[in-house]
There are 2 protein chains.
Amino acid sequence: MKILIIEDSTSLRRSLKIGLSNLGFTVDDTGDGSEGLSMALSGSYSLLILDLMLPSVDGSSILKAIRKANKDIRVLILSARDLTEDKIEGLLNGADDYLTKPFSFDELHVRLLCLMRRGSLNIDNSKIIIGDFSLDLHLKQLHCNGKDANLTPNEYKLVECLFTNQGKVICPEKLSEYLAGQYDAVAKNSIEAHLSTTRKKTRALGYDLPIKTKRGFGYFVESKL
Amino acid sequence: MKILIIEDSTSLRRSLKIGLSNLGFTVDDTGDGSEGLSMALSGSYSLLILDLMLPSVDGSSILKAIRKANKDIRVLILSARDLTEDKIEGLLNGADDYLTKPFSFDELHVRLLCLMRRGSLNIDNSKIIIGDFSLDLHLKQLHCNGKDANLTPNEYKLVECLFTNQGKVICPEKLSEYLAGQYDAVAKNSIEAHLSTTRKKTRALGYDLPIKTKRGFGYFVESKL
DNA sequence: AATTAATCTTAAGTTTTGCTGAATTTTTAC
DNA sequence: GTAAAAATTCAGCAAAACTTAAGATTAATT
């Protein structure tokens, strides 16, 4: 569950972020309206917490733009103004809920639960597509030409690390850390073995894995755009 | 648009009725819980404004009864208590919104607009259907080919968490949090045991639970079935 | 308050799956 | 052509997940 906060008050933004993170949400935040808008449009957020009173762009303009883009994102408005006209206007513009400042964190928490419960299951495609391959970060699967490559945990993690670092050579040490965490390690040969089996599996599906060897340095995925 | 008010304070009920009538709604009202319940069940109300603290019947019992009857009626809770637990419980019991007393009429007005907006867009999300299985979020039951699988609370919660997150692998830690809350935990083995019994129960009904294991990561429900 | 019923947790045994490290072969760079 | 690096293979081992049942909690009932 990813949440975006657009709020110019640094202290409020900070405390919201900390509080929501503690509740298990993934939280991004910004104090700038136009930056916020582009984040909302590009990212896969389930929920936007939006302050109506922003310095640069108006909050309700952001809301309009998001709805125009037909984004499936719930919007909770924060408003310092306590005028009914404003609220109504905001809600009719496509907000799903609102809170007037000041508010208690508990209050916000409950409203979030409510919104999430309501929300249609947002099928946010956190997938990385490279050539004929598609890596599903939620299902932890590598698809090759539509078929599941059936990777083991370590095989998958290797691919995930390299796919998410497309265009960079990743050394065996980094890969080891990615697999085992920073307090443990995986032998270089083990990594080679995993890559070998992974390559074999995708070859069996008819495609070569786009992970290449950079002799003496590590492995990488060519970035083609 | 017909609205039903169940609220024992005569003065509040009166003023609400007048205010909402002036806004163009058709309003019925009662101060008695059981009368209110039968009205809600028989009449064609779009919205119920329900006080949780009623003298005769408990407000949350009314809510449960309405949801059990599968009535398509939005419920806005009025609560004097300001405790988060209560709110959460109320919302999870099937309420659509809530207000704590005292509140301004403007506040209520906006929430009504919000609920109505939702109503027009919303599909009924009280049930999640996956294959031969149907999860009733209001009744807290898993149905398999029409028959109740008779899950215990924790078994149900596991299924609920995975069904509402279909298409995502959920790690044991998240599941633990879902069962026990963020300040407590459930051992991984306990989760395994619950899943085991759940699978057994549905197998006894003739169907395999569509919850699969993603070794090394957690459990998931495949998206399209 | 005591008893019972229901559910949850723990632990141990079992099964399944995946990882590792050594031996071998292949590739690459000089 | 040679040496170093990488790829491959596989058997033995280790870890993860499943199952079951018994003991511990909790909730319900008398």
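Lettering of chains follows the sequences in order, A, B, ..., and the numbering in each one begins at 1.
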Inset, instruction - Rounded to the nearest angstrom, tell me the gap between atom NZ in B/Lys201 and atom P in D/dC18. - result: 17 Å
Inset, instruction - Answer yes or no: is there a donor N or O on one side and an acceptor on the other, between the side chain of B/Asp136 and the main chain of B/Leu139, under 3.5 Å? - result: yes
Inset, instruction - Check every atom of D/dT19, D/dA16, D/dA6 against the side chain of A/Thr213 and return the nucleotide holding the closest atom. - result: D/dA6
Legend entry - Side chain proximity check, A/Phe163 to A/Leu142, heavy atoms < 4.5 angstrom: yes
Inset, instruction - Calculate the interatomic distance between B/Phe217 atom CZ and D/dA17 atom P; express it in whole Å. - result: 10 Å
Legend entry - Residue from A/Leu151, A/Asn165, A/Leu135 passing side-chain contact (heavy atoms from CB on, under 4.5 Å) with A/Glu160: A/Leu135
Inset, instruction - Using a cut-off of strictly less than 4.0 Å, decide whether A/Arg203 has a side-chain nitrogen or oxygen near OP1 or OP2 of D/dT8. - result: yes
Legend entry - Within residues 178-205 of chain A or reaching into it, pairs that qualify as salt bridge (Lys or Arg N to Asp or Glu O under 4.0 Å) - sequence neighbours excluded: A/Glu155-A/Lys201
Inset, instruction - Take B/Leu16 and B/Ile3 through the side-chain contact (heavy atoms from CB on, under 4.5 Å) test and state the conclusion after the steps. - result: CA-CA 11 Å; B/Leu16 279 180; B/Ile3 298 180; over 6 Å; no
Inset, instruction - Provide, to the nearest angstrom, the distance between the CG atom belonging to B/Leu195 and the P atom belonging to D/dA16. - result: 18 Å
Legend entry - Boundaries of the DNA chain C segment in contact with chain A, non-hydrogen, under 4.0 Å: C/dG18 to C/dA29
Inset, instruction - Assign each of B/Asn189 and B/Arg215 to its nearest nucleotide of DNA chain D by heavy atoms, then name whichever residue's nucleotide is nearer the 5' end. - result: B/Arg215
Inset, instruction - Using a 4.5 Å cut-off on heavy atoms from C-beta on, say whether the side chain of A/Lys157 contacts that of B/Phe217. - result: yes
Inset, instruction - Nearest-nucleotide wise, let me know which of A/Pro153 and B/Ile191 is further upstream toward the 5' end of DNA chain C. - result: B/Ile191
Legend entry - Interatomic distance where CG belongs to A/Asp184 and P belongs to D/dA15 [whole Å]: 10 Å
Inset, instruction - Taking only the side-chain nitrogens and oxygens of B/Lys200, find out if one of them lies under 4.0 Å from OP1 or OP2 of D/dT19. - result: no
Inset, instruction - Whole angstrom is fine here: how far is it from NZ in A/Lys157 over to C1' in D/dA16? - result: 13 Å
Legend entry - Passing candidate, side-chain contact (heavy atoms from CB on, under 4.5 Å) with B/Leu158, options B/Leu175, B/Val186, B/Ile211: B/Leu175
Inset, instruction - Using only side-chain N and O atoms of A/Tyr219, determine if any of them is under 4.0 Å from OP1 or OP2 of D/dA5. - result: no
Inset, instruction - Using a cut-off of strictly less than 4.0 Å, decide whether A/Ser196 has a side-chain nitrogen or oxygen near OP1 or OP2 of D/dA7. - result: no
Inset, instruction - Check whether any side-chain nitrogen or oxygen of A/Lys188 sits under 4.0 Å from OP1 or OP2 of D/dA6, and answer yes or no. - result: yes
Legend entry - Between D/dA16 (C1') and B/Lys212 (NZ): distance, integer Å: 19 Å
Inset, instruction - For B/Val186 and for A/Ala185, find the nucleotide of DNA chain C with the closest heavy atom, then tell me which residue's nucleotide is more 5'. - result: B/Val186
Inset, instruction - Return the value, rounded to whole Å, for the distance between atom CD1 of A/Ile211 and atom C1' of D/dA7. - result: 14 Å
